[in-house]
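So you know, we letter chains A, B, ... as the sequences are listed, proteins then strands, and number each from 1.
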Amino acid sequence: MKYQAPRGTYDILPEDIKKWHYIENIIRKLTSLYNYFEVRVPIFEQLELFQRSVGEDTDIVEKEMYAFKDKKGRELALRPEGTASIARMVAEHNLKSSKKKPLRLWYEGPMFRYSRPQKGRYRQFYQFGVECIGSSNPIVDAEIIAIGWQILQEAKVPDVSLEINSVGCPECSNDYNILLKEFLYKDKDKYCADCQRRMDQNPLRVFDCKNNSCRQLIKNAPRMLDSLCEECALHFEGVKNNLEMMKVPFNVNPEIVRGLDYYTKTAFEYKINYLGAQDALGGGGRYDELIEYLGGKQTPAVGLSMGLERIILSLEKSGFSFPEENILEVLVIPIGTCALQASIEMIQELHKADISAIIADESSSVGNNLKFCDKNNVSFAVLIGDNELKSGMYVVKDIKKKAQSEIKREEVVSFIKKYLSGVV
RNA sequence: GUGGAUGUAGUUCAAUGGCAGAGCACCGGAUUGUGGUUCCGGUUGUUGUGGGUUCGAGUCCCAUCAUCCACCCCA
């Protein structure tokens, strides 16, 4: 084989597209019910946009960026996520938003990260995101979290758990980091090598260590949730209360951190435990500083993003059968070359009536063409040969019922239409 | 980025260093223009790619590409 899709990329084949349409339709439906508008932003942006919004020290920017220079020497990068572009768009166009009516936006499309591929982890992958911009009210945090939750429920993804946390505002999270580092460095030598490295890069990660002795040590460490300032604590209470009112089940998990620097206050993840190391379907949080940081007006915002492949993989794993689409309804079978003209006209009439139809290979036998109908769930076959041309009566076969009737040429379409719409 | 496993027909998988095979799927046939079963027949192919060892490599060695698993991290 001469060419193959580049590492970490893949083709969505015709037999698989229904899976994508299935989940995309649910996203469209739910976002529209909540009055969110779709937007489309570029697939590449200035490199600096991601460096500044996602954060210089994050894995995404440090080692996973598809950065390149264009012919004019501009530093660009394929987007590793969607929120940075959304925030840029809002700041750039000074899109109007207010407490009373925040901007409600959603997007879907490919994202790119240079990481080692695995099942459920690709270099080009698809995400959708939902963003609510302009309100700091905890009810919109809950709204965003609920939309993601409902999409997963509606899609029938099994055994999802929703974990929420608050990472505080810059002030209280800063204070907390100092507190936690003090605690960790006190017994630095007692931790495993990984944890000692984590202490410098991302101290919160020490909480995830599987090593028993580390777990013991960290048990008494100060918790972010205990260090929230009054405003952040109040906000977090508000989010929890609102989720309860919405009857969205959640766990408070102080270890939810998120790998992007722009999050403030609310952080959350939708998790599953049956896709190996890929246990996050998506997540999100509040980013109250980002839009201003990118040169816009001071604008609070909250959003989520989810990976489409992981949703599809978990559905496949659960044995879900995706709705069929694009099923052929009619096969027109010309018998002999004389019937070609009439068959083409038949096809055109069927199409005008919104009935899917194709013309059969006339060099193949009638029997084989009917066999094709059986195998491919085609509802009707229309046979047109010398006899039919002479009499003006076409043979219409109901494949599933194995029934056959002779119908006047002019009435074939309405006959079939009647059956397909379930009238008879 | 680190460590490991794997790669043969469209697909699922066989083949001790000695002629590349089976099921499913696909295509054709079983007396002229009529059916999912059955029967018969056919193609499934540069054994991921490139080198090397050998009289001889799908098999052994090296490189490379890709997939998968665990880290890391996340979607």
Side-chain angles (χ1 to χ4, degrees), chain A residues 1-10 13 15 54 57-64 79-83 108-129 148 192-195 197-198 201-202 204-205 208-211 256-260 269-272 275-284 304-314 331 333-336 338-339 360-378 380-389 394-404:
Chain A
M1 221 168 318
K2 202 165 179 186
Y3 297 108
Q4 48 189 323
R7 176 159 212 204
T9 69
Y10 61 95
L13 301 175
E15 71 233 41
V54 175
D57 300 328
T58 58
D59 277 18
I60 292 177
V61 166
E62 230 171 47
K63 43 184 220 192
E64 296 180 356
R79 61 184 184 189
E81 60 105 37
T83 302
E108 193 245 307
M111 307 293 164
F112 305 83
R113 290 184 202 171
Y114 190 91
S115 61
R116 193 185 288 208
Q118 273 179 48
K119 189 174 276 300
R121 198 169 92 181
Y122 306 93
R123 289 184 172 176
Q124 174 174 341
F125 60 99
Y126 292 82
Q127 266 189 347
F128 75 91
C192 68
D194 275 344
C195 282
R197 182 178 45 78
R198 289 185 183 113
Q201 292 177 348
N202 198 342
L204 283 167
R205 287 273 168 224
D208 307 332
C209 188
K210 278 136 200 154
N211 189 316
I256 296 293
V257 182
R258 311 253 73 215
L260 302 100
E269 271 177 23
Y270 306 95
K271 289 190 158 189
I272 49 173
L275 274 191
Q278 276 59 250
D279 67 344
L281 289 176
L304 72 81
S305 68
M306 277 200 241
L308 294 191
E309 321 28 31
R310 289 190 185 171
I311 294 176
I312 289 171
L313 279 170
S314 44
L331 182 69
I333 306 175
I335 304 164
C338 298
D361 174 11
E362 71 193 71
S363 67
S364 185
S365 71
V366 172
N368 278 335
N369 278 320
L370 291 172
K371 222 177 262 183
F372 169 88
C373 293
D374 282 326
K375 282 181 191 160
N376 292 281
N377 269 316
V378 181
F380 289 93
V382 178
L383 275 57
I384 307 176
D386 289 345
N387 300 340
E388 287 74 15
L389 289 175
Y394 290 0
V395 172
V396 177
K397 297 183 72 73
D398 185 324
I399 299 295
K400 277 150 205 167
K401 288 187 193 146
K402 290 203 169 218
Q404 168 169 332

To the nearest 0.5 Å, what is the distance between OG1 on A:T9 and OH on A:Y122? 11.0 Å
On a whole-Å scale, what distance lies between the P atoms belonging to B:rC60 and B:rU6? 10 Å
Please state whether the base of B:rG35 and the side chain of A:Q404 form at least one donor-acceptor pair under 3.5 Å? no
Verify, without hydrogens or angle tests, whether A:R113 (side chain) and A:R121 (backbone) share a donor-acceptor contact under 3.5 angstrom. no
Non-neighbouring partners of A:K400 that pass salt bridge (Lys or Arg N to Asp or Glu O under 4.0 Å), sequence neighbours left out: none
When we call it a touch if two heavy atoms are under 4.0 Å apart, what does A:G282 touch: a base, just sugar-phosphate, or nothing? sugar-phosphate
Whole Å only: how far is the CZ atom of A:R113 from the P atom of B:rG1? 17 Å
Give me the distance, rounded to whole Å, that separates B:rG4 from B:rC40 when you measure between the C1' atoms they each carry. 49 Å
Residues A:I60, A:L260; criterion side-chain contact (heavy atoms from CB on, under 4.5 Å); working and verdict: CA-CA 8 Å; A:I60 292 177; A:L260 302 100; 4.3 Å; yes
Nucleotide B:rG36, atom C1' - distance to NZ of A:K397 in whole Å: 14 Å
Would you please enumerate the stems RNA chain B participates in, each stem being three or more consecutive Watson-Crick or G-U wobble pairs with both distances under 3.5 Å? B:1-7 with B:65-71, B:10-13 with B:21-24, B:26-30 with B:38-42, B:48-52 with B:60-64
Rounded to whole Å, the CG-P distance (A:L370 to B:rG35) equals 7 Å
Name the pairs: protein N/O against N/O of nucleotides 66-68 of chain B, kept only if under 3.5 Å.
{"residue": "B:rU67", "atom": "OP1", "partner": "A:G8", "partner atom": "N", "Å": "2.8"}
{"residue": "B:rU67", "atom": "OP2", "partner": "A:R7", "partner atom": "NE", "Å": "3.1"}

Kindly point out which of B:rU34, B:rC73, B:rG36 is positioned nearest to the side chain of A:K402? B:rG36
Considering only the P atoms, how many Å lie between B:rA15 and B:rG36, rounded to the nearest integer? 36 Å
Here the gap from A:C373 atom SG to A:I333 atom CD1, rounded to the nearest 0.5 Å, amounts to 5.5 Å
I'd like to check A:I311 versus A:M306 (side-chain heavy atoms, cut-off strictly below 4.5 Å). Are they in contact? yes
Would you measure the distance from the C1' atom in B:rU44 across to the matching atom in B:rA9 and give it in whole Å? 5 Å
Minimal heavy-atom distance between A:E309 and A:Q124, with the atoms involved, is OE2-O, 4.2 Å
Would you mind reading off the distance between A:Q278 atom CD and B:rC71 atom C1', rounded to a whole angstrom? 11 Å
Given atom NZ of A:K271 and atom P of B:rC73, what is their separation to the nearest angstrom? 12 Å
Taking atom P in both B:rU59 and B:rG51, compute the distance separating them and give it to the nearest angstrom. 14 Å
Selected nucleotide, minimal atom distance to A:D374 side chain, candidates B:rG33, B:rG36, B:rC73: B:rG36
So does A:M111 get a backbone contact from the side chain of A:E81, meaning a donor-acceptor N/O pair under 3.5 Å? no
For A:N387, side-chain contact (heavy atoms from CB on, under 4.5 Å) partners two or more places apart: none
Roughly how many Å apart are B:rU2 and B:rU16, using the P atom of each and rounding to a whole number? 35 Å
Select base, sugar-phosphate, or nothing to describe what A:I399 touches, counting heavy atoms under 4.0 Å on all strands. base
Whole-Å distance separating the CD1 atom of A:I60 from the P atom of B:rG1: 17 Å
Derivation and outcome, side-chain contact (heavy atoms from CB on, under 4.5 Å), residues A:Q404 and A:V395: CA-CA 7 Å; A:Q404 168 169 332; A:V395 172; 3.3 Å; yes
What integer number of Å spans the P atoms of B:rC26 and B:rG10? 15 Å
Can you check nucleotides 23-29 of chain B for protein contacts, nitrogen or oxygen pairs under 3.5 Å, and list what you find?
{"residue": "B:rG29", "atom": "OP2", "partner": "A:N368", "partner atom": "ND2", "Å": "2.7"}

Heavy-atom nearest nucleotide on RNA chain B for A:K63 versus A:K400: which residue maps closer to 5'? A:K400
Step-by-step side-chain contact (heavy atoms from CB on, under 4.5 Å) determination, A:E108 to A:Y126: CA-CA 7 Å; A:E108 193 245 307; A:Y126 292 82; 4.0 Å; yes
Could A:R123 and A:Y114 be counted as a cation-pi pair, given that NZ or CZ must be under 6.0 Å from the ring centre and within 45° of the axis? yes
Considering residues at least two apart in sequence or located in another chain, which fulfil the salt bridge (Lys or Arg N to Asp or Glu O under 4.0 Å) criterion with A:D398? A:K401
A:L331 CG - B:rG35 C1' separation (whole Å): 12 Å
Interatomic distance at P, B:rU37 relative to B:rC24, whole Å: 11 Å
Under 4.0 angstrom, heavy atoms only, what part of the nucleic acid is A:E388 near: base, sugar-phosphate, or nothing? base
Which whole-number value in Å describes the distance from A:E15 CD to B:rU11 C1'? 11 Å
